Amino acid sequence: NADIGYGLILGADNSIHAVGSARVSGTTDFAVARYASDGTLGISGSLDVSFGTNGTVQFSIGATDQVRSMSFDDEKRILIGTYVSDMVVSRLLADGTLDTTFSTDGHSATNFSGNDVLVVSYSLPGNRTLAMGRTGLAATDCAAAQYLSDGSLDTAFANDGKNTFTALLQCAPTGGFLVTDGKAVLLAQEASATPNRGRAFRFLSSGFLDTSFSTDGLVSIPLGTYEETDSFTGAQMADGSLVLYGGVEDDGSRVLNLSAAFRITNDGVTDTSFDTDGLYADTTGSFNYIQLNDGRLDSQENSVVAGQHT
């Protein structure tokens, strides 16, 4: 049995909520643990009996629940993004119980075509939730869905609450993030292309692609002299430019082996003022595989990133 953590959020009382998956008796459930600011389960060092059972909660949606993200809504309820064969958003109350005012049972599932994948979800103003990923049947399609506070699809988003973006040979979603003016960026790799190349979709709060971003809402991540690129997360600079964090491949393995950052202007053009070609690869350390999972800009717009390598 293996328990895996995927994300953290900090409560107003400095408590820490961790979300991930718990493997029990051959099935994978999603799980949440609440830690006090001193690192112990509960509040002030004692077990928090008001949150789940001894500071943890565990729920099963299907045989294998794949948890990917967590956030608080406006009322500090916990939103969890996961997938089984559909995209699923779940909402917990402060005590760790499922919120039955959210789609009657605390879970809101959206089916695009079966075996859909959620890679990231975010809480939006007005207790709305945005989920991003890809469809299952047509692997060419990246996808997004938006939910209202009651868990129903938000029909102000792409007319019916969900949209697909068909512009790739094969959509392998890797991450996403929110930007200003209610826009969002979905990151993906065109996995059947030669070379495999990272892509970025930017869409409006209306759910449709932003045509002010490279005319069609889709840009290719700079390739430079490398054989493969991909990005997993990103951030927006003050001038609207996007900094994306990921990796490149330069050894013929078709596996990312160098960490990298990419910069794209607000209108979707490669920013050649960034290391001359819009791409910076760290050649000081080459690995069998590398993945940058999170990146942020500090007050001076320097990048701070975290990831993993083998």
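The shown structure was predicted, so the numbers you read here are calculated from the model rather than taken from an experiment.
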Could you state the interatomic distance from CG (N163) to OG (S206), rounded to the nearest 0.5 Å? 9.0 Å
Would you say the side-chain atoms of D181 pair up with the backbone N or O of K183, donor to acceptor, closer than 3.5 Å? no
Quick check against the 3.5 Å criterion: does Q236 have a side-chain atom that pairs as donor or acceptor with the backbone of T180? yes
Residues forming a salt bridge (charged side-chain N to carboxylate O under 4.0 Å, His left out) with [X], sequence neighbours excluded:
X: D74; answer: none
X: R202; answer: D210
X: E301; answer: none
X: D99; answer: R77, R91

Quick one: closest heavy-atom pair of [X] and [Y], and the distance?
X: G246; Y: F232; answer: CA-CD1, 3.8 Å
X: T56; Y: A33; answer: CG2-CB, 3.9 Å
X: A260; Y: F262; answer: CB-CZ, 3.9 Å
X: D116; Y: S113; answer: OD1-N, 3.2 Å
X: A184; Y: L178; answer: CB-CD2, 4.0 Å

Applying side-chain contact (heavy atoms from CB on, under 4.5 Å), can you list everything that pairs with [X], at least two apart in sequence or on another chain?
X: D105; answer: S103, H107
X: Y280; answer: F274, D275, D282
X: T276; answer: none
X: N302; answer: D298, Q300

Membership question, hydrophobic clusters at under 4.5 Å side-chain separation (ILVMFWY): are [Y] and [X] in the same one?
X: I9; Y: F51; result: yes
X: L209; Y: L186; result: yes
X: I16; Y: L93; result: no

The criterion is ring-ring contact (aromatic ring centres under 6.0 Å, His included); which residues satisfy it with F30, sequence neighbours excluded? F59
Taking ring-ring contact (aromatic ring centres under 6.0 Å, His included) as the test, write out the residues that go with F203, two or more places apart. F165
Taking distance alone, no hydrogens or angles, what donor-acceptor pairs closer than 3.5 Å link side-chain atoms of residues 238-245 to residues at least two apart or in another chain?
unit_1, atom_1, unit_2, atom_2, d
D239, OD1, S241, N, 2.9
D239, OD1, S241, OG, 3.0
D239, OD2, S241, OG, 3.3
Y245, OH, S303, OG, 2.8

For residues 117-126, please give each side-chain donor-acceptor pair under 3.5 Å, one per line with the distance, not counting sequence neighbours.
unit_1, atom_1, unit_2, atom_2, d
S121, OG, S69, OG, 2.6
Y122, OH, G176, O, 2.9
S123, OG, F72, O, 3.1

